[in-house]
Each structure stands twice: as structure tokens, then as C-alpha cells.
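Values in this document were obtained by computation on a predicted structure and should not be read as measured data. The sequence lines fix the lettering, A, B, ..., with proteins before strands; numbering per chain opens at 1.
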Protein chains: 2
Amino acid sequence: MAKQGPEKIRLRDVAKAAGVSQGTASNVFSRPEIVREEVRERVHAVAKELGYGGPSITGRLLRAGKVNAVGVAAIEPLSYFFEDLWARQLMAEISDICDGRGAGVALISARSDERLDWNVQSALVDGFILLCVEGGERLVDITRQRQLPYVALAIGAEDQSVPAIGVDNFNGARLAAEHMLGLGHRRFAILSTMLSDGHFGKADEALVRQAWYSTSRDRALGYWQALQEAGMDPQSVPIYGTLEDETSTHAAMAQIFAAPEPPTAILAMSDKIAMYAVDWLFRSGRDVPGDVSVIGFDGVPEAAVATPKLTTMAQPMHEIARLAVDAALGETQVEGRRVLSTELVVRESTAPPPAK
Amino acid sequence: MAKQGPEKIRLRDVAKAAGVSQGTASNVFSRPEIVREEVRERVHAVAKELGYGGPSITGRLLRAGKVNAVGVAAIEPLSYFFEDLWARQLMAEISDICDGRGAGVALISARSDERLDWNVQSALVDGFILLCVEGGERLVDITRQRQLPYVALAIGAEDQSVPAIGVDNFNGARLAAEHMLGLGHRRFAILSTMLSDGHFGKADEALVRQAWYSTSRDRALGYWQALQEAGMDPQSVPIYGTLEDETSTHAAMAQIFAAPEPPTAILAMSDKIAMYAVDWLFRSGRDVPGDVSVIGFDGVPEAAVATPKLTTMAQPMHEIARLAVDAALGETQVEGRRVLSTELVVRESTAPPPAK
DNA sequence: AGCAAAAATTGAACCGATCCAAAATTGATG
DNA sequence: CATCAATTTTGGATCGGTTCAATTTTTGCT
């Protein structure tokens, strides 16, 4: 005879049971100061008795329209946010700032292409931060449809209509190379992040100039520029693409050091690659920076605690995150492309080349 | 005279403009297969013309009641999820599984105590995974009020009414110590995770037995058990609390190795501590595992690529994550406490003690 | 007590969709 | 051409709150 299971208690039920209007009951929870204490207490009591769990977020949201959360999306599986060094650090900064603003963070994945649409469409957020890392055009298109504030990070596209924040890869790389040059190095090798999909191993000028990944291309161009300005021939320094993993980096290192006159300075386009390179050098019995100097790129926290501590070109992660969150929350509007500069952080992995 | 700004287009507007009912318009977007192609195209065309951004999530949500996302909360700033090794790996697994289920992940912070309430109350999720790491009782209480599925991870409380998933720290530690014992080690030192709030440095038995953090206590007890079974006096092996950072770990190591008969085996309660210990040994000119063996705990991915690769007691992170996500999504119900066992992963950092 | 101002409460509209039973249309068949 | 089944479309109820103008109650003052 008795009703099965306790059905969900609604605000309406509480109001009725307490003998007040739904409007008053609503006020008890969301603007308690405007209802008489006596009534407030009665309503609270009834609510507790009935097992009312507080106003449903959904209902409130429908009315208010604000979620108070930013969505971060990438064309990668969700775990990318926790596994990739760069993404991870960026996320740490982003979430720190969201925390300060009292906003939540929602992670949006794009594991499968069809799902991307749906995931972006149905994300409960006030705005988006897009981790593009190239090929993000589709992601941008989809996000646009949502008609919410958004900003793209690390996107290569020239399209001035998409609000984007990036770093000056060309000059960052140039500065990195100049640091090595200043130390007296004259024999170099470059370890590149991916140039074109799936490519790794020795690369030539043409491949670099038409690289699909603009980040890799710009950094290469920056290194070359510095080399050229120092009177060297950039084309004489070997450049190897890697997959940013141990295997391809170690393979590249093996080839590089098989040459008759191996380099004394390694220019790595990411800290991750740089750390694998250091590891290879260490395992092959070479000292860093005694025999070979290595400089990374990005400035991830791991670089600061590596052995030896890695010299790198740091990206202004905190600043990037701040701007991105502001934009995603719709507080400021990023117009076109915003380019930030990188900063040389000298630590233990670079030193003058060994005396002849 | 003209109206200011373009007001938001609603589904209703599209329906009206396309000359169909709102119900049909709704179907065009959410169940396109059941509407005639001709109609579908017309509606899509009108939608595009009007600049309709697709069905509002909020409206849909209100109706459907499902958000399709799990919330992960910790009594830590949001950046904890990206910075702490253990949390990070767990999150990688959790997000991987959510990805597979097509569910999103929302991060919920508890930076300030007052905000915790609000953040948990207003999180748009279908269920919660609580990263408790002790002192999570309050978090559990608040979450309970939300009347959504939830599960607590790494919680010390005995309260059987809270659904929890944990690992068998006692036996894990025992196995770790037995591994060292089996290798022939007889001189040990223990590096502990935090025992009581803020404490670090040498600890005594009483401090350990009444440690606030049950994880630390259980692991210590496990080590002791193995030592005792091997006929040793557990109280003779020094145990040091650390803050899981470089400074306190290095300080502990310095004190440990200042003893007349320094240990040949280090039992570390986390991989992070173990890695700092290895680092200290390396910097002090000792070889691992040649002079000293080190075993960690947790099995974070970094341990597998450290130099040397770290031997450790791995937690079944994938399994933990799977169970947790299932529970948070309300698919299964965790009854009381679920304890999983750990697995010894032997790598390069442990070997027999140096010959006399 | 009488009256205006302030405070508290009410009731209904609204937010933006989905869902479902009923109605309308289409198609196949004898 | 009538009949029946299958496919589409419709209209209205519903999800669970918030908000605001209107109404009622309370308070303050003479």
C-alpha cells in the first residue's frame, strides 16, 4: 500500500509542508536575510524533516544562466591534461586562478571526433579555453557555435578573428641559441618537437620551412637566425625531429653523436626532449654540462628539479593562464592574437664548452 | 527605434520561423533520425540564418536531470590535482575512464572552508569522487547533503557508512620490507609521509602509533611487522617524518647517514620521497642500488623513468579509478570500505647490500 | 486610534529545453 | 477506393527553481 521509495523532495513540497509560498521558501535558501527569522527557521526545520537536499542546481541554473566554471578543451584524451608536462603546468596555473575567482574547472575531451561536437555542445561552462597545439581549427569552429566566450592557446592559425594567446617562439629560440653562443659553443645540434604528423629522425630545411606545426617551425627559424647572426651556416647544424618520447629522442642522440665532430651544445625544443637528451648523455658516459650543454624550452617545473637542473626558455605560464581565464569568464576580451615573450632561465645544464 | 542588441534565439523562435512545432524542432537537434529529411534541413537552415547556437544545455539538463560528468573534490587547492604525483596519476586514470564512458570531469576545490560548501552544493555533476587523504570527514558530510552518489578515496575513517575505496597499506608495506629483507638487507631506515600535522624529523613509536594520518601509520606498522618477523627489533630502525618535499627529506637523509652504522636499505612511504632520497644519495656520492637500496610506494609513472628506475609498491590505480567512476556515476554501489591490494614492482633501485 | 511607510509574503510568469500521448499524414494492400 | 499499419508531427505538461509586481502585515509616529 505504501508508496515505493522516497520520491525526490522539491522546493514546492517544502513550501507546502511549511505553509508558506514557494517564493518565500526559495528566499529562505537563496536570500535568507529578507525573510523573517521565525519563518526561516520553520522552513529549515521542515526541510530537514523532509530530507530536502537544498535547491537543485539545475533549476537555479536555468534561471540564473551562470555556471561559474570554465571549460578547458583539447583535441586529446582527457588524460592529456595530467600527463603532458606542458598541459599539466598550464592546467595547474589555470586552476589556481579559477580557484581564486571562485570558479570551477571542467575538462572537455575530444577522444573521438564525433564526440567532440557533443562534448563541447553540452559542457556546462561559462566559457572555453582551447588548448589547440595546431590542427585546432575544427575545435575553434565547434566552440564558436556555442556562442560563449573562448580563447585559443598555442594555435598556429593566422586567422585574426579568433582570440588567441601565444608565445613568441621565434625570439625565444633565438635567445636560447644566443645563450649557447655567448657561452662559446660553436658545434650544435637541434632536437625538434614534431614537424609533421608522425615524422621523426633527421630533417632538412624544406621539411622545417613547411612544417605543419608552427611552433616547431618558428623555434627552428629562431635558432637558425641566431646561428646565422653569429656567422655560422644554419644548414650545417643537424636538426632531428622527435616524437617527444624516450625512444625517438635517444635514437636521434645516438645518430647525432655518431658524427665525427659531435656537438657541444644541444638546442631542445621542449624540456621533455631536453631531459631525455640529458638522460642519454648521462647513460652514454658524458657529463652535462661538462661535456655537452643542453637547453630546453617551456620552463616546466620538472626542469627545475632535474639533475642537473635544466636551463630553459620559460613560457610565462601564469600570465597566459590569467589572460585565458579572464577571457573565458568573459571579463576581458582578447582581440586577435596576443603574443607574450619568453624568459631565459639559466640553471645547471649549460656551461662553456670543454677546452679543446 | 530598432531594438538594441540581438536577443538570444531560443528553440521556440527557430520552430516558429521554420513553421514547425517546438517538439519537432527539438527532435531535429536531439533525435534527428526521427524527423523527415526535408523538415530537418529546413529547420537547420532557419537555425543557421537566425544564428541559433543549438539547444541550451541548461534547458536540456533541467529536463534530463543528467549532467554526464563526475566531480572530483579534495580539501586542497585545485592545482593539487596537477601537482601532486599521486593525485595526478589517479586523475589521469579517472579521466581516462570517464572519457571511455563519455562523461566529463569537473574539478571542485576547497580552497577556503566556507567556499567548500558552496562549491560542492553547486557543482554540476552526477556524482562525486572524494580525495580525502584524511580529515575528509567534513567533505564527506557536505557531499552527503547533496544526495548524489559518491565515494571516498584514501579516507582513514572507520565509519562503515561511507562508501570508500582504499589500499591495503599495512600489507603493502610489509611486502616492501620483506623484499628488502629477502635481498639480504639488515640495516634499515624508514622515510615516512606526514604523521601528524606539520610534523617532520625523527619520530618515535608513540608518535607513529597515534599518527593522525592513518596511511602513514599503517605503512609504518607494516614495515615493523616484517622486520619483527625477521627477528629484528623494529624500534631500532630510525623512522623520520618528512613533508614530502626536498628539504625535509634531504635533512632526514643527512641525519640518517650521520649515524655510525648507516642503513643499506631505505623504506620510503611514497615514490616522491624515495626519489628525493635517491637524489640525496647520488649527490652525496653514494650509488643506488650499489651502496644503498631504496624502495618507494604508490607506483607513480615518474618512478618508472627515474634514474635508476625505482622499485616500488604500486597501487592498482586503474582499478581504483574504475571503481570510483562507476560509483560516482551511480552504476554500482560501493558498500562500506573496499580494500585493494598493492603490487611489488621490482626495478633498478634495489639490490643485495654491498658485501662487507 | 489612525495612517503612512517599511517589511514580509504571495502568486504567477518565466527560464529553455524534452517527452509523450494523441492527431495527422503517408504508404501498402486487398 | 477503403482499411489498417507505420511514420511524422503536434501541443501541452513538465523539470525545479527564481524573480518581481502586487498584496498583506508590521512598524513607527502623532
Side-chain angles (χ1 to χ4, degrees), chain A residues 6-44 46-47 50-68 118 121-126 145-148, chain B residues 7-44 46-47 50-68 118 121-126 146-148:
Chain A
E7 44 242 65
K8 211 58 171 156
I9 303 295
R10 302 194 288 298
L11 182 58
R12 170 188 330 189
D13 306 319
V14 175
K16 196 169 298 172
V20 298
S21 77
Q22 186 172 330
T24 298
S26 171
N27 286 334
V28 168
F29 291 101
S30 28
R31 303 151 70 196
E33 68 282 4
I34 75 165
V35 11
R36 204 149 35 103
E37 180 169 349
E38 176 203 325
V39 176
R40 202 191 317 153
E41 279 173 7
R42 180 153 41 95
V43 173
H44 268 133
V46 171
L50 260 45
Y52 179 62
S56 125
I57 300 322
T58 332
R60 168 188 317 212
L61 174 60
L62 178 55
R63 204 49 216 186
K66 271 278 172 192
V67 182
N68 217 36
W118 175 263
Q121 287 293 336
S122 65
L124 284 154
V125 298
D126 297 318
Q145 283 183 25
R146 200 50 210 279
Q147 300 181 156
L148 286 176
Chain B
E7 45 242 64
K8 252 305 201 219
I9 303 296
R10 302 194 286 298
L11 182 59
R12 169 191 331 196
D13 306 318
V14 175
K16 195 170 299 173
V20 299
S21 78
Q22 186 171 329
T24 299
S26 172
N27 286 335
V28 167
F29 292 100
S30 29
R31 302 153 71 195
E33 68 282 3
I34 75 164
V35 12
R36 202 149 37 102
E37 179 168 352
E38 175 203 324
V39 177
R40 201 191 319 154
E41 279 172 7
R42 180 151 43 95
V43 173
H44 267 133
V46 171
L50 258 45
Y52 179 62
S56 130
I57 298 322
T58 332
R60 178 198 313 244
L61 173 59
L62 176 56
R63 193 60 213 181
K66 273 276 173 194
V67 182
N68 218 36
W118 176 260
Q121 286 294 338
S122 65
L124 284 154
V125 297
D126 297 319
R146 197 55 206 281
Q147 300 182 160
L148 286 175

Chain A vs DNA chain C, heavy-atom contacts under 4.0 Å, first-to-last nucleotide span, 5' to 3', is C:dA8 to C:dG16
Quick check on DNA chain D: between A:Gly59 and B:Gly23, whose nearest nucleotide comes earlier from the 5' end? B:Gly23
In chain order, what residues pass the salt bridge (Lys or Arg N to Asp or Glu O under 4.0 Å) check against A:Asp13, with sequence neighbours excluded? A:Arg10
If we fit an axis to the first five pairs and another to the last five of the helix from C:dA1-D:dT30 to C:dG30-D:dC1, what angle do they make, to the nearest 10°? 30°
Can you run down the ring-ring contact (aromatic ring centres under 6.0 Å, His included) pairs that involve residues 8-28 of chain B, sequence neighbours left out, and say none if there aren't any? none
Closest approach of A:Val39 and A:Thr24, non-hydrogen atoms and distance? CG1-CG2, 4.1 Å
Counterpart residues, side chain to side chain contact (heavy atoms under 4.5 Å, CB included), relative to B:Ala25 (two or more places apart): B:Leu11, B:Ala15, B:Val20
Hey, mind stepping through B:Val67 and B:Asp126 against side chain to side chain contact (heavy atoms under 4.5 Å, CB included) and telling me if it holds? CA-CA 6 Å; B:Val67 182; B:Asp126 297 319; 3.5 Å; yes
Just to verify, what does B:Gln121 make a side chain to side chain contact (heavy atoms under 4.5 Å, CB included) with, not counting sequence neighbours? B:Gln145, B:Arg146
Nearest-nucleotide check on DNA chain C, A:Ala25 vs B:Gln22; residue mapping nearer the 5' end is A:Ala25
For B:Thr58, report the nucleic acid contact type (base, sugar-phosphate, nothing); a contact means any heavy atom under 4.0 Å. nothing
Check residues 29-38 of chain B and write down every donor-acceptor pair under 3.5 Å in which the side-chain atom is one partner and the other belongs to a residue at least two apart or another chain.
residue, atom, partner, partner atom, Å
B:Ser30, OG, B:Ser26, O, 2.8
B:Arg36, NH1, B:Glu38, OE1, 3.2

Give the residues of residues 27-38 of chain B touching DNA chain D, defined as any heavy atom closer than 4.0 Å, sorted by residue number. B:Val35, B:Arg36
What nucleic acid atoms does B:Gly54 come within less than 4.0 Å of, heavy atoms only: base, sugar-phosphate, or nothing? sugar-phosphate
List, one per line, each side-chain donor-acceptor pair under 3.5 Å for residues 52-64 of chain B, sequence neighbours excluded.
residue, atom, partner, partner atom, Å
B:Tyr52, OH, B:Gly54, O, 3.4
B:Ser56, OG, B:Thr58, N, 3.2
B:Ser56, OG, B:Gly59, N, 3.1

Which nucleotide of DNA chain D is the first, and which the last, in the 5' to 3' direction, to come under 4.0 Å of a heavy atom belonging to chain B? D:dT8 to D:dG16
Of the non-hydrogen atoms in A:Leu50 and A:Ala17, which two are nearest, and what is the gap between them? CD2-CB, 4.0 Å
